[in-house]
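Numbering of residues begins at 1 and proceeds along the displayed sequence.
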Amino acid sequence: MLVESPVGLLELKEDEFGITSIHNLTIHPQDTLNSTHDEPFCLALKEELEAYFSGNLTEFTVPLSIHSGTPFQRSVWQALRKIPYGETKSYGDIAEAIENPKAVRAIGQANRNNPFPIVIPCHRVIGKNGKLVGYSGSSEIGLTTKEWLLNFEKNNH
């Protein structure tokens, strides 16, 4: 399913257990779109995204069906879900949260491979000096999206 959002066109995919991926087609253009019809988890996430972008939702509840990622990446993604709306944490904070203080760079890679941007809020992770770094491979569009999301949450907190 395709969903228009303030940060670009989002492609939502699901299986029988939940959402399997969210792709920002502005940041990650796809040659082919596999979505052909609306599905229940995608419809539910579309509603939650609309509420989020309206400033009326701070935590997503649609089930995720995670098929990708190493155990380490999954532990990082779980830690990201605990970052409160409107707040940020550093890569070091996440390393401490998963009890692996030397894994700062690996956390960056886990964020880059996050199949559920916005829902698993990798945009809330910033450099230890407070700088915006590493969103969708640190592309200009990715960093602009990260900045937009952080400002949006800060202003709607």
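Taking 4.5 Å as the limit, some side-chain heavy atom of F72 sits within range of a side-chain heavy atom of I107. At least one side-chain heavy atom of L149 sits less than 4.5 Å from a side-chain heavy atom of Y52. With a 4.5 Å cut-off on side-chain heavy atoms, V119 and I19 do not count as touching. Residues L49 and I22 fail the side-chain proximity criterion, which asks for heavy atoms closer than 4.5 Å. Side-chain contact between V62 and F116 is absent, with no heavy atoms from C-beta onward closer than 4.5 Å. You'll find the side chain of L45 stays beyond 4.5 Å of the side chain of V3, heavy atoms only. Taking the side chain as every heavy atom from C-beta outward, I126 and K146 approach each other to under 4.5 Å.
To the nearest 0.5 Å, the span separating CG on N100 from CD1 on I94 amounts to 12.5 Å. In this structure, the separation between CG on N156 and CG on L57 is 11.5 Å, given to the nearest 0.5 Å. A distance of 9.0 Å separates CG of L2 from CG of L10, quoted to the nearest 0.5 Å. With values rounded to the nearest 0.5 angstrom, E87 atom CD is found 5.5 Å from H157 atom NE2. Rounded to the nearest 0.5 angstrom, S21 OG and E11 CD are separated by 6.5 Å.
What you find for L150 and H123 is that their closest heavy atoms are CD2-O, 3.3 Å. Listed here is the closest heavy atom pair of P40 and E14: CD-OE2, 3.4 Å. Considering every non-hydrogen atom in both V7 and N24, the closest pair reads O-ND2, 2.9 Å. The two residues T20 and P115 make their nearest non-hydrogen contact at O-CB, 4.3 Å. The two residues N111 and V76 make their nearest non-hydrogen contact at OD1-CG1, 3.8 Å.
Screening residues 65-84 for side chain to side chain donor-acceptor pair (under 3.5 Å), with sequence neighbours left out, gives D15-S65, D15-H67, S65-H67.
Residue-environment remark: CZ (F17) stays at or below the threshold of 12 foreign heavy atoms within 6.0 Å. Atom CD of E16 sits in a crowded spot, with more than 12 heavy atoms from other residues, nucleotides or ligands closer than 6.0 Å. The 12-atom threshold is not exceeded at CD of E59, counting heavy atoms of other residues, nucleotides or ligands nearer than 6.0 Å.
With hydrogens and angles disregarded, a donor-acceptor distance shorter than 3.5 Å links the side chain of D93 to the backbone of S90. Although no hydrogens or angles enter the test, the distance criterion places a donor-acceptor pair under 3.5 Å between the side chain of E48 and the main chain of T61.
Here S54 pairs with nothing under the side chain to side chain donor-acceptor pair (under 3.5 Å) rule; sequence neighbours left out. E153 pairs by the salt bridge (charged side-chain N to carboxylate O under 4.0 Å, His left out) definition with R124, not counting sequence neighbours.
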Take L9 and E4 through the test side chain to side chain contact (heavy atoms under 4.5 Å, CB included) and record every step on the way to the result.
CA-CA 5 Å; L9 186 63; E4 289 282 346; 3.7 Å; yes
